[in-house]
> 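Just passing along the structure, written as structure tokens.
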2 protein chains.
Amino acid sequence: MIKSGKRSSSAVEDYLERIQELIDSKGYARVVDIALSLGISQASVTNMVKRLDAEGFVKHERYRGLILTDEGRAIARAVIDRHRILTEFLRLLGISESEVERDVEGMEHHLSSSSLGAIESLCRELTSNRELLQKVRSGMK
Amino acid sequence: MIKSGKRSSSAVEDYLERIQELIDSKGYARVVDIALSLGISQASVTNMVKRLDAEGFVKHERYRGLILTDEGRAIARAVIDRHRILTEFLRLLGISESEVERDVEGMEHHLSSSSLGAIESLCRELTSNRELLQKVRSGMK
DNA sequence: TAAAGAAATTAGCCAAGGCTAATTTTTATG
DNA sequence: CATAAAAATTAGCCTTGGCTAATTTCTTTA
Ligand SMILES: [Mn+2]
Ligand SMILES: [Mn+2]
Ligand SMILES: [Mn+2]
Ligand SMILES: [Mn+2]
């Protein structure tokens, strides 16, 4: 029996995604780093961390550190995956880096795993078939 | 000189999209119809209509009707376009209708026109090349 | 080891976008 | 044309997720 897990908001997903990325790259995620890298205030991060703890996505010790629960990590990994695939997809299509970032950061919260799988398959095809890729790229206004 | 027009929220875009669709299909958009078809209360619609009027997206006469301004119509048309292309794209990939609807309704607010053009081109290619489409579809888990 | 500085938290505020209940206005109908 | 029903609005509430300013706790350093 798998617990269903209610849909997380885009904001919650962005926090979990960034927390996991910080842990992957520096080994820990401090409030100040989360704030800096998401471009929001430390106070806002403290509030959200309290919420993420209450909802069981992180374990938080006041004035100390922060770790992800299994559930929080699962959500973070899923978001990071969607981010990665969507980025690969739009880059393949020749979209400018700044537009890729903006589009992906929004779309990553609205992609079912079916759609993700389909786009993944499409990326594989576009990568292995450069002629196709050229054709698609040349068909854009 | 083209007025830049600040980014509209997803909620604003959903309202304008639906208002335009109602006008296209029945000739007018009443508060009660907007509420019914978006699945929200009439009171919430009245509030938003007031906001859309204040921001110049619709012209509203109290207890009377509602029309879109040029700016409102332009936004509505753009959202409807993104909705249509994304729907075509995910359907081509074989995603179930209910997932298509959910994904599209969210993603349509986060797609630059570059990305839209690229996906449009991709749809043309997938439509005219059934062998490619089969290959992509069979590559999905 | 006492300050100073950095990090975290709290308090209090705001806007967006929902809701229900009550009221007002318009429309339809006997 | 009076009244009932439908539509629209208002009033008042709530949650989410931001903000700044003030305060508290931890860490570094002279
Ligand atoms: Mn995001
Ligand atoms: Mn992301
Ligand atoms: Mn939508
Ligand atoms: Mn739509």
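Sequence lines set the chain letters: A, B, ... in the order given, protein chains first and strands last, and positions in each chain run from 1.
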> On the nucleotide D:dG18, are OP1 or OP2 found under 4.0 Å from the side-chain N or O atoms that A:S44 carries?
no
> What is the distance from CD of A:Q42 to C1' of D:dT20, rounded to the nearest Å?
13 Å
> Find out whether B:R82 and B:V104 are in side-chain contact, i.e. whether some heavy atom of one side chain is under 4.5 Å from a heavy atom of the other.
no
> Whole-Å distance between C:dT20 C1' and B:I40 CD1?
14 Å
> More 5' along DNA chain D: A:A43 or B:Y63, using each one's nearest nucleotide?
B:Y63
> Less than 4.0 Å between a side-chain N and a carboxylate O, is that true for B:D33 and B:K26?
yes
> For D:dA8 and B:T46 - does any side-chain N or O of the residue sit under 4.0 Å from the phosphate oxygens OP1/OP2?
no
> What is the distance from CE of A:M48 to P of C:dT10, rounded to the nearest Å?
16 Å
> Is there a side-chain contact between B:R30 and the phosphate of C:dT27, meaning an N or O under 4.0 Å from OP1 or OP2?
no
> Considering only heavy atoms from C-beta outward, does the side chain of A:R102 approach that of A:E99 to under 4.5 Å?
yes
> Side chain of B:V32: nearest nucleotide among D:dT9, D:dA8, C:dT9?
D:dA8
> Under 4.0 Å between a side-chain N or O of B:K50 and OP1 or OP2 of D:dT10?
yes
> Round to a whole Å and report the spacing from CG of A:L52 to P of C:dT9.
12 Å
> Can you measure B:E61 atom CD to D:dT9 atom C1' for me and round it to whole angstrom units?
15 Å
> Please report, rounded to the nearest Å, how far the C1' atom of C:dA6 is from the CG atom of A:L36.
12 Å
> For DNA chain C, determine which residues of residues 6-28 of chain A have any heavy atom closer than 4.0 angstrom to one of its atoms, and list them numerically.
none
> Could you state the atom-to-atom distance from CZ of A:R62 to P of D:dC26 in whole Å?
9 Å
> Are the side chains of A:I75 and A:Q20 in touch, meaning some heavy atoms are under 4.5 Å apart?
no
> Please give, in whole Å, the distance from D:dA8 P to B:I34 CD1?
8 Å
> May I ask you to say whether A:E88 pairs ionically with A:R91, meaning some side-chain N is under 4.0 Å from a carboxylate O?
no
> Between A:I40 and A:Y15, is there a side-chain heavy-atom distance shorter than 4.5 Å?
yes
> If the cut-off is 4.0 Å, is B:R64 near the phosphate of C:dT27, judged by side-chain N/O to OP1 or OP2?
yes
> Any salt bridge between A:K50 and A:D53, counting N to O under 4.0 Å?
no
